Amino acid sequence: MTDTLNGYTRRWWKEAVVYQIYPRAFKDSNGDGIGDLGGILEQVDYIKGLGVDVVWLSPHFDSPNADNGYDIRDYRQVMAEFGTMAQFDTLLAALKDAGIRLIIDLVVNHSSDEHAWFVESRLSRDNPYRDYYIWRPGDDGLPNNFTSIFTGPAWTKDEVTGDYYLHLFAAKQPDLNWDNPQVRDEVYDLMRFWLDKGVDGFRMDVIPFISKRPGLPDLAEDQRAKPQFVYSDGPKVHDYLQEMRREALAPYDTMTVGEAFGVTLAQTPLFVDDRRAELDMIFQFDVVEIDRDATGKWTPWRLQDFKAIFARHEAALDRHCWPTVFFSNHDNPRIVSRYGDDRPDWRETSAKLMATLLLTMKGTPFIYQGDELAMTNYPFTDIAQFDDLWVKGQWREEVDSGRVSPDAFLANQMKISRDHARTPMQWTSGAHGGFTTGKPWLAVNPNANEINAAQALADPSSVYHYYAAMIALRRAHPALVYGDYEDLLPEHPLVFAYTRTTADETLLVELNVSDEEVAVDLPAGTRLFGNYDDAAPVLRGWEARVSRL
Ligand code: TEU
Ligand code: CA
C-alpha cells in the first residue's frame with residue numbers, strides 16, 4: 001500500500017484498530033489466579049469478533065513482577081506464570097490465522113534489577129557490565145535531586161560498591177545506559193529476536209526517557225512536580241531512535257508506537273515525522289492528563305478543554321505525522337467511569353458514545369481490554385485492596401507521613417488509580433467473573449454478575465457489538481481515517497460535534513456529553529449510525545450520531 005488518501009501516505013497501521021491486552025488480567029487458563037497466554041488463546045474468537053487488526057500485548061517476558069512485567073529479567077523468555085515460548089508461538093500463529101497482527105511491549109528504558117546485566121553490573125566498579133547502567137559515587141549522598149516517577153529519590157545506594165544507581169521508576173527498575181553502544185546493540189538484537197519470530201512491531205515503554213542530560217543536572221524547583229518533561233528531553237533521543245530504525249526495524253514491515261510520557265505537542269513531530277525515520281506514532285498524554293492538576297492529583301475537567309486538545313493536534317501535525325487516539329490503558333481508570341457516566345441508566349449509552357469518539361477521531365485508535373464491555377472502576381475502600389506499587393509508594397509518602405488523610409488519599413485514588421484497569425476481565429456471571437477457577441491475583445469487580453462478555457455477546461445491542469459495528473463503519477469510510485478534522489462547536493459546554501472530510505465525503509459526528517437533552521443547530525445529513533435506534537430532533541442523553549452530509 002503506497003498510494004495516498006487526502007494527502008496522507010496510506011499505511012496499514014494508520015487504518016488499523018488496536019486492542020490492548022494486559023495478560024495478567026485477561027484470562028486464566030490453569031486456575032492459578034493469573035491470566036496467561038493459554039487464556040488469550042481461548043479468546044482469539046472474542047477478539048476477532050470485534051474486528052480489530054492488531055493486538056498489543058503488555059509485557060509477557062520473564063519478570064519478578066515488581067511492576068507487573070514492566071521490569072524485565074530476561075528479554076528472550078516468556079514469563080513462567082504466563083506460559084511457554086511454544087505457547088507464544090501458537091498464539092502468534094492463531095492471531096495471524098485470524099487476520100490479526102501482534103505488537104509486543106518493548107521495555108528498554110530500564111530492566112529488572114534481577115536481569116543478568118544488572119546482577120553483573122553491581123558486582124564491582126570494573127565489571128564489564130558496570131557501564132550498562134548509570135552509577136554515581138555515593139560518598140556525598142544522593143548524586144542529584146531526581147525523583148522516581150513512583151515517588152522517592154531516583155537513586156538507590158547499592159551496598160556492594162557503595163555507589164548509587166539511577167532508576168526513574170522503581171528501585172527494582174534500574175535505567176539502562178543508552179550512551180553505551182553495547183547496550184544499544186543488545187536492544188537491537190533482542191528486537192530482531194522477536195521480529196524474526198514474526199511479531200509486527202512494538203509499543204515502546206517510556207521511550208523518550210532513554211537519553212539522559214549530560215552531567216545529570218538537578219531538576220529546577222518548577223520541574224519537580226512533573227519531572228517527566230525533563231526526563232523525556234535528553235539530547236540523544238532522536239539519534240538513538242533513528243539508529244534503532246536503521247539497525248533493527250528497517251528490514252521488517254512494522255508498526256511502532258512510543259509511550260511519550262513528558263513529550264509536548266510541539267515536540268511530537270520530532271518523534272513521528274515520517275521523513276525523520278524514528279517512530280510511526282506516539283502516545284501523547286494530553287487527553288489522559290486532562291483531569292490532573294499541577295501535582296498529578298485529580299481535578300475536574302471541562303469539555304471545551306478536552307475538545308481543544310484535538311483541534312491543537314490537527315493544527316500541529318501535518319501530513320507527515322500520524323496521531324494515536326486512546327482514552328485508557330493499563331495505567332488509567334476505566335473510560336466509562338472517567339469520561340462517561342457509569343451509573344446504571346447511562347453506563348452503556350455513554351460507553352457507546354466514547355466508542356464513537358474513539359473510532360471517528362483522526363489517529364490510530366487503541367481499545368483497552370474490557371472497555372468494549374463498559375467495565376467500570378473498582379469500588380476501592382481500603383489501601384489493602386490495591387496491588388500497584390505506585391499507589392503503595394504514594395501512601396507511604398503522603399499518608400504515613402501525615403500529610404494526607406486516608407480518606408482524602410482514597411478519594412483521589414478512586415479517580416486516578418491504575419488498578420481500576422487491572423482488575424480481571426469479566427467473562428461470565430459465574431465465580432470471579434469467569435476469569436479464573438482459582439483465587440484471582442486482584443479482586444474481580446463485584447458488578448461482574450451483570451457486566452460480562454457472555455452477556456454482551458448474547459445481547460445484540462451491547463457495547464461489545466456497538467464497538468464491532470463502529471469498527472466496521474470506520475473501515476467502510478476512509479474519511480473516518482484520513483479525513484480532515486474540524487470542530488464545529490468548540491465553545492459548546494455539552495456537545496462535541498465535528499466533521500471528517502475527504503474529497504469524496506463529509507461525515508458529521510455529534511456527541512452529547514451529558515445526560516440532558518440538548519438541541520443544536522447543525523446540518524441534518526443522512527444518519528449512518530448511533531447509540532439510539534432512531535433519529536430525533538434533539539440530542540438525547542449521551543447520544544452519539546454519525547451522519548453523512
Ligand atoms: O508508564 C510510564 C508512566 O510514567 C506511567 O506510569 C505514568 O506515570 C502514568 O500513566 C501517568 O498517568 C509505563 C508503563 O505503561 C507503566 O505501566 C509502567 O509502570 C512504567 O512505564 C514503568 O515501566
Ligand atoms: Ca494462569
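Sequential numbering from 1 along the given sequence is applied to the chain's residues. The figures that follow rest on heavy atoms only: side chains count, while hydrogens, waters and symmetry mates do not. Keep in mind that this is a model prediction, so the values were computed, not measured. Whatever order the structure lists ligands and atoms in, that order sets their numbers, starting from 1.
- Proximity annotation for atom 22 (C) of ligand 1: of D67, D388, L389, D67 comes nearest, heavy atoms only.
- Atoms of ligand 1 lying under 4.0 Å from any heavy atom of I149, numbered from 1 in the order shown and given with element: 4 (O), 8 (O).
- Distances from atom 1 (O) of ligand 1 to the heavy atoms of E259, R203, R422, R418 put E259 nearest.
- In summary, the atoms of ligand 1 found under 4.0 Å from a heavy atom of H330, numbered by their order in the structure, are 14 (C), 15 (O), 16 (C), 17 (O).
- In terms of protein heavy-atom proximity, atom 5 (C) of ligand 1 is closest to D331 OD2, 3.8 Å.
- Between the side chains of D342 and S337, a donor-acceptor pair is found at a separation under 3.5 Å.
- Remark: R292 is not positioned above the aromatic ring of W298, lacking an NZ or CZ atom under 6.0 angstrom from the ring centre and at most 45 degrees off the axis.
- Taking the charged nitrogens against the carboxylate oxygens, E247 and R184 have no contact shorter than 4.0 Å, which rules out a salt bridge.
- Distance check: T268 OG1 to M281 CE gives 13.5 Å after rounding to the nearest 0.5 Å.
- Which parts of ligand 1 touch H110 is read off a 4.0 Å heavy-atom cut-off, strictly below it: atoms 22 (C), 23 (O).
- Remark: K48 NZ is loosely packed, at most 12 non-hydrogen atoms of other residues, nucleotides or ligands lying under 6.0 Å away.
- The heavy atom nearest to atom 4 (O) of ligand 1, out of those in F261, F209, W390, is found in F261.
- Seen from the Ca ion (ligand 2), atom O on I34 and atom OD1 on N30 lie at an angle near 150° (rounded to 10 degrees).
- Looking at D28 and K439, no side-chain N of the basic residue comes within less than 4.0 Å of a carboxylate O on the acidic one, giving no salt bridge.
- Ion pairing between a basic and an acidic side chain is recognised when a charged N comes within 4.0 Å of a carboxylate O; R213 and D218 show no such pairing.
- Looking from atom 14 (C) of ligand 1 to the surrounding protein, the closest heavy atom is D205 OD1, 3.0 Å.
- Between K236 and E243, none of the side-chain N atoms (NZ, or NE/NH1/NH2) sits under 4.0 Å from a carboxylate O, so this pair counts as no salt bridge.
- Between W390 and F150, the two ring planes are tilted [angle within 30° to 60°].
- Within D28, the N, O or S atom at minimum distance from the Ca ion (ligand 2) carries the name OD1.
- For ligand 1, the polar-atom distance check finds no N/O of E289 at less than 3.5 Å from any of the ligand's N/O atoms.
- Proximity of F169 to ligand 1, defined as any heavy-atom pair under 4.0 Å, is confined to the side chain (atoms from C-beta onward).
- Against a heavy-atom cut-off of under 4.0 Å, R292 is close to the following atoms of ligand 1: 12 (O).
- Within the 4.0 Å heavy-atom criterion, the part of F150 lying near ligand 1 is the side chain and not the backbone.
- Of all the N, O or S atoms in D32, the one closest to the Ca ion (ligand 2) is OD1.
- Between R334 and D371, at least one side-chain N (NZ, or NE/NH1/NH2) sits under 4.0 Å from a carboxylate O, which counts as a salt bridge.
- Within D36, the N/O/S atom positioned nearest the Ca ion (ligand 2) carries the name OD2.
- At a heavy-atom distance under 4.0 Å, no atom of Q228 approaches ligand 1.
- At a cut-off of 3.5 Å, with distance as the only test, a side-chain donor of N332 or N329 sits close to an acceptor on the other residue.
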